[in-house]
Amino acid sequence: MPEENGGKGRTGLLGKVQQDAKALKEFVKEKGKEGLEGLKDPEKTQVYRSIFRVKHEDTPRSRALSVLTNVFFHLHPAKINRDAVRYSYTWGMGGITFYLFIVLTFTGVLLMFYYHPTKIQAFRDILYLENDVPFGKLLRNMHRWAAHLMIIAVWLHMFRVFLTGSYKRPREFNWCIGVILMVLTLLLSFTGYLLPDDQLGFWAVTVGTNMARATPLLGHEGPFGSQLGMTPYNDVRFALLGGSIVDANALLRAYIWHCIAIPLIAAVFMGLHFWRVRKDGGISGPAPVMLASEIKDEKGPRPVIMKPSGLDQHSR
Amino acid sequence: MKVKYGLYIIGVAALALSMASCGGKPTSETAPAESAQPAATPIDMSTVGAVSGTVKLEGAAPAGKKINMAAEPSCAAEHPTPATDQEVVAGDAGTLQNVIVYVKDGLGSRTFDVPKTPVELDQKGCMYNPHVVALQAGQELKVVNNDKVTHNIHPVPQNNREWNKSQPPGAAAIEDTFARGEVSIPVKCNVHPWMKSYIAVFKHPYFGVTGKDGGFNLKNLPPGTYTIEAWHEKYGTSSQTATIGAKESKTITFTFKATSGD
Amino acid sequence: MPETHSDDPVQSRSMSGALLISAFLLMLTVAWSLYDEFYGLRPWRSYQREFANVYAKYLRKKMPEQRDREKVIRSSAEYQQLKQIVDNAEEAAKPRLREIDRESAYLDKRLAAIQDTFTTARGKVTALIYEAELAPLDSASRKSRLEEVDKAKRETYALELPTADARVEKLKWNFTQIDSEFTTLKARKAALVAERGDVLKAAKDAREKRDAYFQEKMEGLTADQLGGLLRAAEGLDVSIHQVNVNPTNAGLNNFGSGGLVDRCQSCHMGTDSKFVPLAMTLTKKDLGLERSKDAPFTSHPEPELLKIHDPEKFGCSPCHGGNGRAIDSVEKGHGRYEHWLWPLHYAENYQAGCQTCHAADMVTEHAPVLNHGKELFRSRGCIGCHKFEGFDDQPERLLATRQQILQIEKQKKEYEIEIPRLNRQADQAPDNETAQKLNGQATNLAVRISGMDAKVEQLDRKSRSLLREDKKVGPDLKEVRMKIRKEWIPYWLGHTHEFRPTTKMPQFRLEPDQIQAIAAFIWQSGVAGPGLTKQQPGNAAHGKDLLQTRGCLACHSIGEGSNVLGGTFAANLSRVGEKDNYDYLVRWVHNPRERTRPYCPFEKRDLGPEDYAKHGLPFLFDLDHSKCPNDGHPLQVQQPTVMPNLRLSIEDARDVAGYLITLKHSDANYDAASFMDDPKLKGAGLKLVKFYGCAGCHEISGLEDESRIGTELTTEGSKPIERLDFARLTEDAQRGVLPDEKKAPRGSWYDQKGFFEQKLKNPAVYDKEKYRPNPLDRLKMPKPNVTDTDITALVTFLLGSVDQQLPREYYYKPADARRDIQEGWWIVTKYNCVGCHQVRIGQQSVLQTLPQYQGDNKIGLPPVLTSEGARVDPAWLQRFLANPALSTTDTNRNGVRSYLQVRMPTFSLSDEEIQKLVRFFAAASSQESPYVPPKLDTLTDAERTLARQLFTSPAAPCLKCHATGNPAHDKTATAPNFLLARNRLKPAWTNRWILDPARIAPGTAMPSGLFRREGERWIFNGPLPAVAKSFTGDYSDLLVRYMFQLTPEEQRMLLSRTPAAAGSK
Amino acid sequence: MHQLWEIASQPDNVPIVALLFLMPFYIWYAFRQAVQTDKLILQLETNPALAKTHHRKVFPWKAGWDREVHVWPYLMRIEFLVAIIVTVILMIWSITLNAPLEEPANPNLTMNPAKAPWYFLGLQEMLVYFDPWIAGVVMPTLIIGGLMVIPYIDANPLGNGYYTYRQRRFAIWTFLFGFIFLWVLMIVIGTFIRGPGWMWFWPSQTWDHNRLEFAVNRNLDQIFGIDGSWLAHVLPQSWRGGAAIWARTIFGIFPLGVYAVLAAFFVHWLCVRTEFSRKIYQRMSLVQIVTLQIFMVTMLSLPVKILLRLLFRIKYIWVTPWFSV
């Protein structure tokens, strides 16, 4: 401030400034309080609401809601058979399989960033992943092992479902879908095998596809194949590999199948699978045992009674 | 698939065949040609006519240049009066020699027998004699050397094959034929630059070379309309058309202007 | 709270414990993965840290030492003196410098002051000019604009410029003035800068002298340099040190994503010149890590190599193998694991790396082991069975040439048929154009045919010279009947290495009956005559003398066991007497290339007198008469041996042979071999000889065109391990058990190296435990006569022979003079030039090592060829190589050095070989080719008289030593004849030579110091004759010119004048 | 033995090793529960009164407890737990074990043995006993088909939603046979036993690449010396040439037929052994029975063929010009 200004002018001006300052302080304090309160229970905040839509209390309702209103959870029913939560029954294999599928998708996508499905680059890219890409090695290992694990999980899942007779009415069709999914899993893993373009994959795939030569009617070495004019250049194996030998085309096809086609198909079937689980009345058990004496001796198929298996106690 | 491949193969084969045949054709045709020309188309002798006449030179013929044969004394000796070049040789009564008169057009696709008698071209005193020779395609040309020096005969044709053979004194006559009609093939001797001659080759017998009287006569022409042409080594060609009926004979006259100077 | 039943296990059971634990576990694994990522997979980090501190310690220790060293030098008198000079020079320069600086300072000021105005003015003017230029020529507008330009130029600006005497002058100047001022100032400034340089020059030179002195005295780096390194080490940021070159078409080995990515230096920090400059060596000891097994910090043992192969371009793995980009473990990085095709070469084989790129070199600098390997591969006859690209492939090329000739002849015939066809077509053609075209084609064909004749003629020449070049490792077995004692052959086949421990011939594993069959076949297939001329016995004593003096020992050796004397290139002659026939031996010594019968490659048989007789020709065949009398194609008129013709007189030959025939064991006797003439054995023998590929190394009748029976080895090093048949040894190899059941020091030897080594040690080894009743089913490779070092060399060579993995530009395939060197070495080694001559600097010839050439007998050694290319006129060299006697009549002598006992033999090289040799020498001493002899100005009479006097002056009695062609005088001569100089030598070289011969050829008889430097010219170092006064030129140059214009009579005249020369004692 | 270790330590074989432990574990795990349930069932069957009141589960139950529980949190927490554990296992596995990467693919350098991915080794093993078209194409199709029809041919309404053995002996045995014996066991053989040249190496033996085996596999008709000589008389002149072929073709049908019949009877016998299973059998429609038979017969044919091959070295049973079985 230049000296020249008069004294009284100062007081006036100063006073004004002080008032403003006080007002500001009040305001800030107020708002601050609000803010703090907001933090006290975040569920009140707009951000929280916007994300979780419903506020969570420890009431049955909100528990139900939290499942039903959640895009990820609503695969589940709100409530299930009290015993179904036991690991001993489900072995959790279905869930694990699904989880692994997600893991695989995740790692797979990351791997795709570094991979070119061409004869020249494929192998180099793997080397690059192994040695250069941060966490590349981990990524690749996880992808591969998760794939193997998934296969085991699928088998065990099937095994379990069979032993608990869960394929029985009304779940016959879902079992079929399950079988298809298992086949898809195997195919996924198989197509992935070739991608590093190393000796291991190359020969594994060669052996695998050589069988296709012998496809009846469609393979040039299969029964009636040659009679139908099948040659190494027009038979089903050719179609699989995009050539008469495992080569650049085969690599590309494997890549497309592995990264796009099969995952899509699998995803669709999975959706179906889960949906049917719900529609067929949740998971099959643990259901109350049924006694041989209770078998109604009628033949052939009967209408499906849609009843969540857990509930049929009440009816009795 | 299999069927498709089959088709391919057939197609290829067909293609190959056709090509082969195309490629093959000329050879297959030459085979008879070697033995003789295709058989002549008969001409009804009872109706044939003729075209005759003279070739005139308008104006004075330039005097032929003297040839200096000092290089070849033996030849020089043969010429009591020094020889002159024969570019333009006037005949008596303003006619012109060494003009070839022939039917250029109008015979259609007729073919003719080739006369068995060879045409002779003599080399005497380092001059070709006659200066202008006309013969039929495939007819034998017989070149003889009556000098005591070696000549080489070197025709430089357009459409026929060029050749160049040397003929020592007393060597056997060189015999050769020209396959294609051509007016006219210059012939020279590289040893004696002044020696020059012309050979005219025709696919038909209707031609003549004017002599001292400058006359020509094309006989046995079947009735029809013809383009008659006269060729001279210096004055080039001039042609007229003549239509002759059965047994008719026409006379026509060709006139060349003597270009002064050279 | 929803009602939960506290007693309901499902609801009441809490899982928080389990969840907590597993969550904790998850954390742990995540942490672990992070650790793994940053340390587990990055061992180099710790290496770098360790290096940083041990190295820093080392440097700190070193610096004071160096500083003391420097002190010592700096305080030395010489240094001080030099320093003084520098100081003086600087002193002297100072005043002028001061002026210059002052003035330039003033100039700067003035420039600064004028700069802005100038740019403004110029900007305006140029802009206007531009506009003017836009206007059409001689249009009104243009005129007006130009006027504006003038106006702008005339327009004045106010200026305030500092003056020399620090005043400020106010000016009103127009553009032109400003411009001129500005330019003058700039010019002046430039002048000053230039002058400054001149003024400082003296000081600068002096300083350079001083520093040079320091450099030369100071060993190791200076303290300051070390300080720099120390800073680098201390401030080291731990990071991957990566060589990353991305050449086109990179191969697959360590060329990760499309290029060489090499990180070896991330751990091997010592090899990184950023830390350890090439001038410095770093050993484990220096770092105090002698005992450490795991300290990859030593500097590169051969900095020379790094200078040629800049690591920034080549990296490490291309030479050393290993997985250049893998750095997560030593094993991975060194590529010593299954599935890595290019493991690190072991120390003893590291030169294999050279081979990968230098496959085209027969001799590679810095790679003695590899060179030895290649030499063995050729000289031990491996090449006889195993094709190897680049090695002597004359047989193949010869066949190819013949094929070509036949091909062309065939083509020719076809054309000849085609021509008349075309002519006929022309005659028949529908129109004249076609006719002309066809006739044209016919003519062209005719011309083509003539071209073919030319080609055939060339090919014939080529095959002639190929026939000359085609040598066999072993002797010509067609001659066996004339040459060898019959009973000896079967013995030799069975006891090859016993009979001659140094022989090149490998020991075949043969059953007795096989030996008989082979021997019989060889014997019976030999040519029977025309018989040899009977020779009378020679003088063994003289023969021995000749053998030792003529230079035979450069290739051959005599004596057995410990007292072997001579070279290893050719056979040891110590037991020749036991097997050879005297008459044949005489012929051989007289001319080893002489054949009994010429061989016709086209008829595939040896011609005899009868063939010549048919055509009424005398049975005479040699290099000048090498046409086949039957078909005119070139004949093989020489024996396929590299042994040259020493041009001995027949008497000398007898003496030498006479001596050789005495070389035998007293107890030598071989049991009679009647079966040798059993015709029944011949067939069996032929089969065996074919089977064992004897024709690879020997010429055998009927088998001249046999192809090599072994596998090609050009890329053997990269053969997949699965393709190498370890047979029953596979297991042992993998477990590291050697064939002799011992443990292999390095564990598993299941790799190329292991396979090759065992195979070479004992080629039969992979038949171990196999059931092979029929000998023909066994492995047929014979046991080569090699030591362990030889094996290492060979293995190195093979390991390096891999198919092209690196990008093309990495391979050493020079197109310039270096290529001539490359090619030349193949021939130099083929004929063992290095046995007598020193060709490469630092290389020793065999003769140099022999006792009879020590001390002052060095005089007797053949000339040193290190500067041959610079010395001789290539045209002359060509003539000389073709005929070293330089004469067709008087051949029993050396052409140039008639005074030498050692004989430059006649190799009857092919034209191509001569060409290559000449180019080799030219290139080796960096001579431009073709050589254009410089024009020497002729001598004035004055000069001539001076030259004569110098030549004959007692201070330089040239003719005392130099030969003159006068036999009396030449008896004592020890130097070549001057008359040769004109055509033989290059003036420039001769000049250098007479100035300082010792520098070119150390230990030469030619004295140095004949001239002394005086100002800009060389003065004769001795009493100058009177005439010299007038001479102002260069004396050495004068003498050279004189030498090159010397005529015989002139020389005779000189000789008469030379003191004491004529009176040769 | 080290050979066995070498194979087992192959990163790609770890899953199989894991399977070797997981399989028995889960079988045991399942059967433990099955036994419990069966106890309960027995109890209830003997005591109808109890059957009326009992909640019919092996799990504890008190009146008043919720029959159903909230998925959140009671199921969710388990799922999270499992997810985490799986993640942990997976990560540890990935950190400690690197996915295999061999030399760049090289069509000219055949791997010996060239093995398919482990989960297909069962099929590859089948190649030993069957032609590719069966092992590689027909089998997989049948397997998939077979799996899919299970729900539709299993007429046994019992054992739906709980582990039991008593109520489903047949089904369980069949499945165990197919899954464990025919599928998993084959894989194990393919992985651990089959060495270079797909030859049989006991774990103690080392894989010797030079090993040679001599084995003549003959076709059944050869054993019976069927050469069609007898047929030659019957056939018209022009057909004589093909007599042998025809003979074989025709002959082959018999053993197959015989087997089919026998197997069918065997299956039938299995289905009617107990009173209970007879009851179930009653419930099945004809279609169901036929399907069941078809698949059972084919499935049984595998071990039969394997035995024939291993014991009698029989290659084909039915030889026709177009295909052979």
Side-chain angles (χ1 to χ4, degrees), chain A residues 63 66-67 76 79-80 82-83 85 92 95-96 99 123 126 138 140-142 144-146 148 151-152 156 162-165 167-168 172 175-176 179 186 190 193 196-200 202-204 207-208 211 214-216 222-224 284-292 295 299-300 309-310, chain D residues 15 19 26 30 33 37 40-41 44-45 56-57 59 66-72 74-75 78-79 82-83 86 90 93-94 98-107 111 114 116-117 119-120 132-133 136-137 144 147-148 150-152 157-163 168 175 276 283 285 322-323:
Chain A
R63 280 186 179 172
S66 62
V67 172
H76 296 295
K79 292 174 136 211
I80 57 164
R82 58 170 290 121
D83 300 312
V85 302
I96 292 177
Y99 177 68
F123 188 79
I126 304 302
L138 186 68
R140 177 159 179 263
N141 294 350
M142 280 181 80
R144 190 173 190 110
W145 300 142
H148 287 328
I151 292 171
I152 298 181
L156 288 175
F162 184 89
L163 289 181
T164 58
Y167 59 83
K168 297 189 180 191
E172 303 95 327
W175 163 275
C176 298
V179 173
L186 292 181
F190 183 64
Y193 225 72
D197 192 32
D198 65 346
Q199 281 285 69
L200 189 65
F202 178 86
W203 288 106
V207 172
M211 294 190 184
T215 318
F224 306 107
S284 57
V289 298
M290 187 175 171
L291 301 181
I295 301 177
K299 275 212 172 92
S309 55
Chain D
L19 206 59
Y26 277 107
Q33 299 182 55
T37 333
L40 174 66
I41 294 172
L44 294 181
E45 274 174 344
R56 295 198 171 193
K57 291 191 189 176
F59 306 111
D66 305 342
R67 296 190 181 287
E68 294 197 321
V69 294
H70 277 288
V71 165
W72 176 272
Y74 299 114
L75 177 57
I78 300 185
E79 289 180 343
V82 171
V86 171
L90 188 57
W93 186 359
S94 306
N98 285 335
L101 180 68
E102 303 195 342
E103 303 92 333
N106 174 359
M111 302 262 282
Y119 37 81
F120 284 153
W133 68 276
V137 186
I144 296 168
L147 284 171
M148 283 185 165
I150 287 178
Y152 301 100
L158 301 185
N160 182 347
Y162 51 88
Y163 293 94
R168 315 177 47 209
F175 194 78
F276 171 71
R283 295 166 54 83
S285 67
W322 316 278
F323 62 88

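Numbered from 1 within each chain, the chains take letters A, B, ... in sequence-line order.
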Chain A heavy atoms under 4.5 Å from [X]: which part of the residue, side chain, backbone, both or neither?
X: D/Phe276; result: side chain
X: D/Val137; result: side chain
X: D/Ile78; result: side chain
X: D/Glu103; result: both

Out of [options], which one racks up the most heavy-atom pairs below 4.5 Å with chain D?
options: A/Leu291, A/Val179, A/Ile151; value: A/Leu291
options: A/Met290, A/His148, A/Met142; value: A/His148
options: A/Val289, A/Leu200, A/Ile126, A/Val85; value: A/Val289
options: A/Ile152, A/Asp197, A/Asp83, A/Thr215; value: A/Asp83

Output the distance between atom CG (A/Leu138) and atom CG (D/Asn98), rounded to the nearest 0.5 Å.
-> 10.0 Å
Step by step, would you call D/Trp93 with A/Asn141 a side-chain contact (heavy atoms from CB on, under 4.5 Å)?
-> CA-CA 8 Å; D/Trp93 186 359; A/Asn141 294 350; over 6 Å; no
Is any side-chain heavy atom of [X] less than 4.5 Å from a side-chain heavy atom of [Y]?
X: A/Phe162; Y: D/Ile150; result: yes
X: A/Leu186; Y: D/Phe120; result: yes
X: A/Arg82; Y: D/Glu68; result: no
X: D/Leu101; Y: A/Phe123; result: yes
X: A/Phe202; Y: D/Asn106; result: no

Let me know if [X] has heavy atoms under 4.5 Å from chain D in its side chain, its backbone, both or neither.
X: A/Trp145; value: both
X: A/Ile80; value: both
X: A/Tyr193; value: side chain
X: A/Val207; value: side chain

State, to 0.1 Å, how close [X] and [Y] come at their nearest heavy-atom pair, and which atoms those are.
X: A/Gln199; Y: D/Glu102; result: CB-OE1, 3.7 Å
X: D/Leu158; Y: A/Ala292; result: CD1-CA, 3.6 Å
X: D/Tyr162; Y: A/Pro288; result: CE2-O, 3.7 Å
X: D/Ala30; Y: A/Leu163; result: CB-CD1, 3.5 Å
X: A/Tyr167; Y: D/Arg168; result: OH-NH2, 2.9 Å
X: A/Arg140; Y: D/Pro100; result: NH2-O, 2.9 Å

May I ask you to name which of D/Ala116, D/Ala83, D/Ser94, D/Pro15 has the most heavy-atom pairs under 4.5 Å with chain A?
->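 Top count of heavy-atom pairs under 4.5 Å with chain A: D/Ser94.
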Please identify each residue that fulfils side-chain contact (heavy atoms from CB on, under 4.5 Å) with D/Val86, with sequence neighbours left out.
->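 Partners of D/Val86 under the side-chain contact (heavy atoms from CB on, under 4.5 Å) test: A/Ile96, A/Tyr99, A/Leu100, D/Val82.
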